[in-house]
Amino acid sequence: MTEETIILNVGGVKYETFRSTLTAYPNTMLGTMFSERNKMTLKSDDNKTYFIDRNGYAFYYIMEFYRTGKILWPGEIKNQENMMKLVTIQQLEIEIEYFQIPFDDTFLFLVHKSAANVIDKIILSLIQMIKIHLENFGDVISMFIKESSIELSQDQNQPKLELLIPASHSALLHKFLKHNDKSIGNYLESKFSHINLVWSCTPYTMFKNSIAFLVKISFELNFNRILDYSIIRN
């Protein structure tokens, strides 16, 4: 017997799936809606397509839950016209609640995944800053990290450097350093061991007992290696 397929038109975006994929989660809205006991009450123009007036882009992740049992992290997805649409965690959270997806574990997963994505972006920004500083013969990067801002210290003996970490990431970076000040440093020290990179993170007590961190990243230029590529030795 051929398994029954249905088409969900969610806010103009169409998804095709098996009825059994939805009913595998009977306590969710769609699991209840397409259960055998409600089959006769469903309204459809062609007995196959059902319109739901919700966020069609966020529904991509709801549909992935039914298929995999997991909620994927919101990102950019392409619709049928290859246009990009960004789904935020707030939008997805609203749809999770509406479609009655099991919330507790899913929400914790989203929060942790969101924080991990931001930390990864911060690390990639630091890597880029280190590379740029090396290219300009710099050997020290100093930053003062507060809960509300990140300030790059411009030493007169160092080439000018642009801060690549967005200000919006300062709160999470501050909190991360407060609870785990070594992980980022350990990663960078391992990645840049060939230039003897050293990470130091020193906490300072500020106004009204708030904490700020002075992060110093130092590394060594190998001038003998530089000369190997110059006309002096060629």
Side-chain angles (χ1 to χ4, degrees), residues 72-76 84 86-90 93 107-234:
L72 301 180
W73 174 244
E76 291 182 330
M84 301 304 287
L86 185 65
V87 178
T88 66
I89 186 172
Q90 290 84 1
E93 187 178 337
F107 181 71
L108 286 174
F109 169 78
L110 292 176
V111 170
H112 292 154
K113 185 64 176 176
S114 174
N117 284 345
V118 173
I119 291 298
D120 286 349
K121 289 178 181 178
I122 290 171
I123 292 172
L124 291 174
S125 296
L126 287 171
I127 290 172
Q128 187 64 19
M129 289 170 65
I130 291 167
K131 290 179 178 178
I132 292 172
H133 212 44
L134 271 171
E135 289 174 357
N136 293 311
F137 304 106
D139 57 11
V140 177
I141 298 174
S142 297
M143 296 176 293
F144 204 59
I145 300 169
K146 303 177 185 177
E147 192 169 4
S148 58
S149 65
I150 302 174
E151 300 172 10
L152 189 63
S153 176
Q154 297 289 357
D155 191 319
Q156 291 183 350
N157 296 320
Q158 295 292 318
K160 201 166 185 180
L161 180 65
E162 180 184 357
L163 180 66
L164 300 181
I165 303 172
S168 58
H169 294 347
S170 62
L172 180 59
L173 177 57
H174 182 274
K175 187 170 291 186
F176 190 83
L177 293 176
K178 190 175 181 179
H179 293 278
N180 190 336
D181 65 340
K182 295 181 179 179
S183 293
I184 295 177
N186 289 343
Y187 175 80
L188 292 175
E189 287 179 351
S190 174
K191 183 174 181 63
F192 290 99
S193 60
H194 57 290
I195 56 171
N196 297 323
L197 186 144
V198 176
W199 163 284
S200 67
C201 180
T202 307
Y204 286 89
T205 303
M206 306 294 289
F207 181 66
K208 292 185 177 180
N209 292 323
S210 63
I211 302 294
F213 297 92
L214 176 62
V215 169
K216 184 177 179 181
I217 307 171
S218 59
F219 34 87
E220 296 178 3
L221 280 170
N222 189 329
F223 284 97
N224 285 326
R225 184 82 178 271
I226 293 171
L227 290 174
D228 287 340
Y229 297 99
S230 76
I231 61 174
I232 295 174
R233 292 185 181 173
N234 289 325

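Side-chain atoms are counted along with the backbone in the values below, which use heavy atoms only and exclude waters and symmetry mates. Here, residue 1 is the first one in the sequence, and each next residue gets the next number. Quick caveat, the model's predicted, so the values are computed rather than measured.
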Residues in side-chain hydrogen bond (donor to acceptor under 3.5 Å, both in side chains) contact with His174, at least two apart in sequence or another chain:
none

Rounding to 0.5 Å, atoms CG (Leu152) and NZ (Lys160) come to a distance of 10.5 Å

Are side-chain heavy atoms of Ile123 and Lys191 found at a separation under 4.5 Å?
no

Main-chain N/O of Asn157 paired to Asp155 side chain as donor or acceptor, under 3.5 Å
yes

Tell me which pairs pass salt bridge (Lys or Arg N to Asp or Glu O under 4.0 Å) where either residue lies in residues 122-148, with sequence neighbours left out.
Lys146-Glu151

I'd like to check Met129 versus Leu163 (side-chain heavy atoms, cut-off strictly below 4.5 Å). Are they in contact?
yes

Hey, could you give me the NZ/SG distance between Lys178 and Cys201, rounded to the nearest 0.5 Å?
12.5 Å

What verdict does the side-chain contact (heavy atoms from CB on, under 4.5 Å) test give for Ile195 and Leu221, after you've listed the backbone C-alpha separation in whole Å, the side-chain angles of each residue and the deciding distance to 0.1 Å?
CA-CA 7 Å; Ile195 56 171; Leu221 280 170; over 6 Å; no

CD1/Ile122 to NE2/His169 distance, rounded to the nearest 0.5 angstrom?
6.0 Å

Identify the heavy atoms of Met206 and Ala212 that sit nearest to each other, and give their distance.
CG-CB, 3.7 Å

Check whether any side-chain heavy atom of Ile127 sits under 4.5 Å from a side-chain heavy atom of Tyr187, and report yes or no.
yes

Side chain proximity check, Ile184 to Val215, heavy atoms < 4.5 angstrom
no

Rounded to the nearest 0.5 Å, the OG atom of Ser193 sits from the CG atom of Leu188 at a distance of 11.5 Å

How close do Ser170 and Ser148 get, heavy atom to heavy atom, and via which atoms?
OG-C, 3.4 Å

When you measure from the side chain of Ser190 to the backbone N and O of Asn186, does any donor-acceptor pair fall under 3.5 Å?
no

Is it the case that atom CZ in Phe137 sees more than 12 heavy atoms from other parts of the structure closer than 6.0 Å?
no

Glu162 side chain reached by Ile132 side chain, heavy atoms, under 4.5 Å
no

Kindly compute the distance separating CZ (Phe219) from NE2 (His194), expressed to the nearest 0.5 Å.
10.5 Å

Distance from Ile141 atom CD1 to Trp199 atom CH2, nearest 0.5 Å?
10.0 Å

Work out which heavy atom in Pro203 is nearest to a heavy atom in Ile211; give both atom names and the distance.
CB-CG2, 4.2 Å

Quick check: do Lys216 and Thr202 have side-chain heavy atoms less than 4.5 Å from each other?
no

Scanning both residues in full, the closest heavy-atom pair of Leu164 with Gln128 reads CD1-CG, 3.6 Å

Here the pair of heavy atoms bringing Ile217 nearest to Met143 is CD1-CE, 4.3 Å

Nearest heavy atoms of Ser125 and Ile165, plus distance in Å
CB-CG1, 3.8 Å

